[in-house]
S.K.: 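After the structure tokens below, expect a handful of questions from me.
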Amino acid sequence: MSMLAESNQLLFYVNGKKILEKNADPELMLLPYLRKKLLLTGTKYGCGGGGCGACTVMVSTIDPVTKKIVHYSANACLLPLCALHGAAVTTVEGIGSTTTRLHPVQERIAKAHGSQCGFCTPGMVMSMYSLLRNHPQPSMQQINEALGGNLCRCTGYRPIVDGCRTFCNKEDCCQLKENGTCNVNGDTANGVNGVNKPHDSVSGDVCKGLFKEDNFLPLDPTQELIFPPELILIDNESKRELIFRGERITWFSPASLSELLNLKVQYPKAPLVVGNTAVGPEMKFRGVFHPVIIFPARIVELHIVTESDTGITVGAACSLTVLKDTLSNAVSRLPEEKTKLYHALLQQLGTLGGAQIRNTASLGGNIISRSTTSDLNPVLAAGGCVLNLASKDGTRQVPLDESFFSTSGTSFPKPEEILVSVHIPFSTKGDHVLAIRQAQRRENALPIVVAGMKVHFEESSDIIKGLRLFYGGLGATTVSAKETSQRLVGKHWNEDMLSEACKLILEEIPLNPSAPGGMVEYKRTLIVSFLFKLYLEVLQALNSLASDNRDISALKKFDTTSSTHIQTYQNVPEDQPDHDPVGRPIMHRSGIKQATGEAIYTDDMPPVDGELYLRFVTSSRAHAKIVSMDFTEALAMPGVVDIITSYDFPGTSDCTLDDGTVHLLAQGKVMCVGQLICAVLANTPGQAKKAAAKVNIVYENLEPVILTIEEAINNNSFYQPQRQLEVGNVEEAFETADQVHEGEVFLGGQEHFYLETQSIRAVPKGEDGEMDVYLASQDTTHTQALICAALNVPANRVACHVKRVGGAFGGKHTKTGYLATITAVAANKTKRAVRCILERGDDMLITGGRHPYLGKYKVGFMNDGSVTAADVSYFNNAGSTSDDSILVVEVGLMNMDSAYKIPNLRCKGSACKTNLPSNTAFRGFGYPQAAFVTETWMSEIAIKTGIPPEKVREINLQRGIGQNHLKQEIDARTLIMCWNECMEKSSYNNRRLAIEEFNKHNYWKKKGLAIIPMKFPIGSIFKFFGQAAALVHIYLDGSVLVSHGGIEMGQGVHTKISQIASRELQVPISDVHVVETNTASVPNTMVSGGSLGTDVNGMAVQSACQKLMERLKPIKDANPKGSWKDWVNSAFLQSISLSATGFFRGFGREMNWEKGEGNPAHYFVFGVACSEVEIDCLTGDHKNLRTDIVMDIGSSINPAVDIGQIEGAFVQGLGLFTIEELKFSPQGLLYTRGPAQYKIPAVCDVPEQFYVSLLTDVPNPHAIYSSKGVGEPALFLGSSIYFAIKDALIYARKERGLPELFTLNSPATPEKIRMACGDQFTNMIPKDAPGTFKPWAINV
């Protein structure tokens, strides 16, 4: 090749600015380039694998064929920089800012209260912005599709969707005016500084909606950034081959097909990369290395779409979005008979990945990867698609069939061949095509099993002429049931054929019981269930399925209703001054900054000169002796500065826990996979990562290896103390009970999945041992103490700073302290700043999560459903250190009664010592697990007595003022109010009748309904817990600075503190600024958790403000007509201090375990949720139809923040109980280490109808401004979805002659739902006896 014909210059634009890179590094992705090189930190790192959407940007390019400019969203973490030649990238900073102008998307998401911790917000903004560039008035379907690739862990999605909904075509959206309307005669509006204008109403009136759209900036498409003219000129010039050579990889970007074919001869093993959605994750997460990468996306021939008499041919480099648009166009204008295959493909494309993945992933890449979880390959193969291959020697056409999926098959491309295009044929008369999949989550999740099926009949008959059956998810690649298909040819399409087909296909596609991915019996069931679905679809198409056939419901889609979200809350009193913000739905104080990307998180801070990057080396064994550690190879790697071990701690390298001490870095042995052993320091994150992989550790396995709760029980492996509580006479109550029931239930763990991974920066100040530590932590004082002990310096030398945290949920307390301490030790040793940002996989591996629980219960009750006695034992899987596990057990025991009165009770709790990463605090802190066990036996009492479950729950509710099993007084008067209001608002009784009618007529679809109460404690078992301090300054210009000990992690504590200071000082909220949390300003703080943030810190701020107002009172009295600024300046001139500290001593409550009694709860939060679901008994899928929540949270300080917390907690709970499933190997390795394997709820999981109401006129006398803590309680209400699923399953099982009483361990995943619906298909599959094989994954 002539050097004149090639170039090593990469030219692209970012936010309208030209970028020219010579010889760009092929290993560099756009995300680190934006963040580290261009310092555009609004684009966030969330997972690095394209699964969370935090790094979403908009890419604009010129279509190679049409020459039109196209805009699309993309994941910056997967976009190789070298792929951006000729493109224009727009980041969140490029569309608007607080210093220029806000873009309407930024404004509306913020003002609709769609930003809490804010870490996901820039990605949400850019996904919506990209949609608006193509569709200025989108439909709700387009909005949901656009947001489908973005995850949020805080909001529950509802406010994000509602903010985006305001851009809707008004005919498409029925709810626009719901937001911001008052049920009386006033309207709320986001006024100046986010304070809503007063209502023309009286105290006690109820408001509906949290924002009003009338004041929003209009969308003006003419004001957007234009596509750079220079890129248009370059595109018109003759293209040259681009070659970029990095340290390890060479990137070729050919300009013509002939250049590409020559390269494939020269580099036959080099992968062709277009969207990098397959090769990228392979290289990053699975260690696959390619020294040469070829990027063919600039070649016109690979983008051409043509239509002929036989079908449509799509270029291999066309994105899945182009494929979708092409097929949609064909379906809209061609007869249905010709487009059956296209309909099936469109169905798959609707749920495949998120929009960002579909926009970049190519059709050719999807096919060539031959991934077993490809949603398209089984359907393309079943449809008889043809691959057009080319090489230097010529072209050939091969069928996409079973031979393609065998590397030795004739259809598989030779090393020198490339896929040019794919011919997707039209369907013909007599064709019937089905695409079907089942995944852990309905959208943006790889399928567990996927199938493409096509049957062709002899003319005017039901005799099979041809049959093609392809499955994914059952082997290393797509598998064909070729033998089954051949043996069925000539058969009539009837039940005999179906029976034979099921038998044949189970024989032809055997699944090893130890197969990767697990769920083997479920997968076998899906094989035949999918075949049954094809059978019914075809019968219906042949008009051979009677309308009254019971199986017709298998073909029905889930019920769809209009998406409706309504929030109701109490209006402020009529006489409340306009400037008083308390009780109003104020926008999060950082909402706008978070939406523009200007809010600074730990890793957004610019590096200082010489800053080092830390990477941990973790154990690969669950229980082993460390024989030796060899750092030689690692230290010889480029850029490596040092390796930190336990010997580098000037002070202690241990941390004291309940059961003794733990080593921050392993010493001599390891106790779990993922335990920290040492830390590598290097000049770049990449260098540190590569060097960490070169640390050589020799292990010697130790026994026993205890992983599960059952193994811990059998080995008597528990942390001490084990706790017990008892009240009444349990044994006597069992004897006198009408019935006694025993059972057990298991609840799996949960990953925090905060969007911002663990993040720390330690910066030595160079003298006196001083150090600044910037981190994302819930507990600055705990971290400070650990660091000082490790460095052997007093606490006055180390200042811990937290500006904001990108989500925490309990996961940034203890483990963050450990990580920060090691980072500080590294900074101390090297005398350089050190940054530690965990990758998502490492974060999930190292930090633990919510405790898995096993509950064993015996309960006595009368025939009317009233409970008389309970004896319950709880076991949590604590992991390899005790962490907070004993406290989690204690909280569970103290609150296992949940919302019920249990007169005779014995409960025991044990924290199991196992060889897993230590589990830790998580939102709810033991209450959700304990209450779940209680609700399980409550629902079973209903079955045993034949009384409806809501009646059993209602008869046992706590009522009025009484005592719980701790002998603590409880005022539960508002619990029954919540219950009655929820029953009424949800129309429970009418809907129960409607569900029973629906279930009578739908054998394969069932609906379920459940109403669940909740009583959540706010308080502490330690007297000292709950103390708080604050520091308030008033400056001479009248502005107010507040510092307090609470951590802002999305729950809005800074916003509420601003409201409190505004009211107490009688100044506009715009004059109040809450500064970072800093141990140098407010010392000896408590952890931000337990929903106490506003309660305790608000009291401290109130105390400080009242001191200041007391000092100003004589000045105000002397000059009553003066302004705030006048008074402040007069005070200064009179030498009156304008700075004050405030302190709150806490609640003075505690628990006495020796006596088994106490008063740990300061008060309780009550709530009730009613949820309705629909399940698919054939696949295990389910849909959340409606949820009504009624909560007593006292007098809300900020209804927008509080309702946001309720919705976010509920959706997180929904994830815990129905979707999120941690998978561990039999060796103790966590498989689920990212969003590809671990699914949290997405926008598709929010109930279609979602109503939240706050009880009115229920002030709480025990907290500031009569409010209540709200962050954690509603999480347990997510179990109402689980119990609604179980309710639906009971209907299904009853109809099938199966026992209504059965165990459904949590989470209620598709696998568990399907396998609980016993039928002819679950009965026909081969079963594997436990103990006869080694499972792929274990329940821990």
Side-chain angles (χ1 to χ4, degrees), residues 622-623 657-660 671-673 701-726 730 740-750 848-859 870-894 896 905-920 922 926-934 936-937 940 1153 1221-1230 1303-1307 1312 1329-1331 1334-1335 1337-1340:
H623 189 195
L657 296 176
D658 292 329
D659 65 319
M671 298 301 293
C672 68
V673 176
N701 287 337
L702 297 173
E703 295 292 338
V705 175
I706 299 171
L707 301 175
T708 69
I709 290 174
E710 288 83 356
E711 289 169 349
I713 294 171
N714 293 337
N715 285 273
N716 198 31
S717 181
F718 303 112
Y719 291 106
Q720 297 301 327
Q722 292 168 267
R723 296 299 196 188
Q724 178 170 335
L725 291 171
E726 187 163 354
V730 177
V740 175
H741 171 62
E742 294 186 53
E744 65 178 56
V745 68
F746 175 80
L747 170 63
Q750 185 179 26
R850 188 187 299 280
H851 295 75
Y853 252 69
L854 176 66
K856 299 186 177 189
Y857 49 87
K858 178 181 178 182
V859 57
D871 187 349
V872 191
S873 295
Y874 301 92
F875 303 88
N876 76 25
N877 194 326
S880 57
T881 71
S882 62
D883 201 280
D884 283 328
S885 301
I886 293 169
L887 189 56
V888 168
V889 165
E890 291 173 346
V891 170
L893 291 181
M894 291 186 295
M896 57 75 61
L905 174 64
R906 180 190 302 127
C907 53
K908 306 168 194 170
S910 302
C912 298
K913 186 175 186 178
T914 63
N915 296 111
L916 291 179
S918 302
N919 288 308
T920 187
F922 201 135
Y927 173 81
Q929 297 100 313
F932 169 75
V933 176
T934 301
T936 297
W937 48 259
E940 290 173 352
W1153 285 101
E1221 193 169 29
L1222 293 165
K1223 297 285 183 74
F1224 286 89
S1225 77
Q1227 294 75 38
L1229 171 67
L1230 179 66
T1303 299
L1304 179 67
N1305 290 329
S1306 175
K1312 295 197 184 90
K1334 194 167 194 176
I1338 55 174
N1339 276 333
V1340 300

S.K.: I'd like to check T936 versus Y857 (side-chain heavy atoms, cut-off strictly below 4.5 Å). Are they in contact?
M.R.: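 With C-beta onward as the side chain, the pair touches.
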S.K.: Within a strict 4.5 Å, meaning less than it, do heavy atoms of the E711 and S717 side chains meet?
M.R.: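 Contact flag for E711/S717 side chains = no.
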S.K.: Under 3.5 Å, side chain of N1305 to main-chain N/O of F746, donor-acceptor pair present?
M.R.: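 A pair under 3.5 Å: yes.
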S.K.: State the NZ-CZ distance between K858 and R906, to the nearest 0.5 angstrom.
M.R.: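 It is 8.5 Å, given to the nearest 0.5 Å.
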S.K.: Are P721 and I886 close enough that some pair of their side-chain heavy atoms sits under 4.5 Å apart?
M.R.: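 The answer is yes; the side chains approach within 4.5 Å.
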S.K.: Looking at P1335 and P1226, what are the two nearest heavy atoms and their distance?
M.R.: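 The answer is O-CG, 3.0 Å.
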S.K.: Within a strict 4.5 Å, meaning less than it, do heavy atoms of the L1222 and V1340 side chains meet?
M.R.: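 A side-chain contact under 4.5 Å is absent here.
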S.K.: Give a yes-or-no answer on whether the side chains of H851 and Q929 include a donor-acceptor pair shorter than 3.5 Å.
M.R.: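 No pair is found: no donor N or O on one side chain lies under 3.5 Å from an acceptor on the other.
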S.K.: Side chains of Q1227 and V673: closer than 4.5 Å at any heavy-atom pair?
M.R.: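 A side-chain contact under 4.5 Å is absent here.
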S.K.: How long is the gap from CH2 on W1153 to CE on M894, to the nearest 0.5 Å?
M.R.: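 W1153 CH2 to M894 CE: 5.5 Å, rounded to 0.5 Å.
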S.K.: Between N915 (side chain only) and I706 (backbone N and O only), is there a donor and an acceptor less than 3.5 Å apart?
M.R.: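 A pair under 3.5 Å: yes.
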S.K.: Taking the side chain as every heavy atom from C-beta outward, state whether C912 and F718 have any pair of such atoms under 4.5 Å apart.
M.R.: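 In short, these two side chains touch, coming nearer than 4.5 Å.
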S.K.: Hey, could you give me the OG/CZ distance between S1306 and F932, rounded to the nearest 0.5 Å?
M.R.: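 Reported to 0.5 Å precision, the distance equals 4.5 Å.
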S.K.: For residues K913 and A712, report the shortest heavy-atom separation together with the two atoms involved.
M.R.: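 Scanning both residues completely, I find the closest heavy atoms to be O-CB, 4.3 Å.
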S.K.: Indicate yes or no for a side-chain donor-acceptor contact from S918 to the backbone of G879 under 3.5 Å, with no hydrogens or angles considered.
M.R.: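 Not a single qualifying donor-acceptor pair exists.
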S.K.: Do W937 and V872 make a side-chain contact, defined as non-hydrogen atoms from C-beta onward lying under 4.5 Å apart?
M.R.: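 The answer is yes, as the side chains (C-beta and beyond) meet within the 4.5 Å cut-off.
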S.K.: Any side-chain heavy atom of L725 within less than 4.5 Å of one from R723?
M.R.: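 Of all side-chain heavy-atom pairs linking R723 with L725, none is under 4.5 Å.
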S.K.: When rounded to the nearest 0.5 angstrom, what is the spacing between OG1 in T881 and CE in M671?
M.R.: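 It comes to 10.0 Å.
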S.K.: For V889 versus Y853, what's the shortest heavy-atom pair and its separation?
M.R.: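 Shortest heavy-atom contact: CA-OH, 3.7 Å.
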S.K.: Please name the pair of heavy atoms, one in F922 and one in R850, separated by the smallest distance, quoted to 0.1 Å.
M.R.: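 Distance-wise, the nearest heavy atoms are CD2-NH2, 3.1 Å.
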S.K.: Under the 3.5 angstrom rule, does the side chain of N919 hit a backbone N or O of G849 as a donor-acceptor pair?
M.R.: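 Present.
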S.K.: How long is the span from the OG1 atom in T708 to the CG atom in N714, to the nearest 0.5 Å?
M.R.: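 Here the rounded value is 7.5 Å.
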S.K.: CD1 of I709 to NZ of K856: how many Å apart, nearest 0.5 Å?
M.R.: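 Atom-to-atom, I709:CD1 and K856:NZ are 9.5 Å apart.
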S.K.: Where do V705 and A622 come nearest, in terms of heavy atoms and distance?
M.R.: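 The pair with the smallest heavy-atom distance is CG1-CB, 3.9 Å.
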S.K.: Give a yes or no answer on whether the side chain of S873 reaches the backbone of K908 with a donor-acceptor pair at less than 3.5 Å.
M.R.: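 Answer holds: no.
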S.K.: Output yes when a side-chain donor or acceptor of N877 lies under 3.5 Å from a complementary backbone atom of L707, and no otherwise.
M.R.: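 Side chain of N877 to backbone of L707: a pair is present.
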S.K.: Short question: side chain of S880, backbone of L916 - any donor-acceptor pair under 3.5 Å?
M.R.: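 Present.
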S.K.: Looking at L905 and M896, what are the two nearest heavy atoms and their distance?
M.R.: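 Shortest heavy-atom contact: CD2-SD, 3.4 Å.
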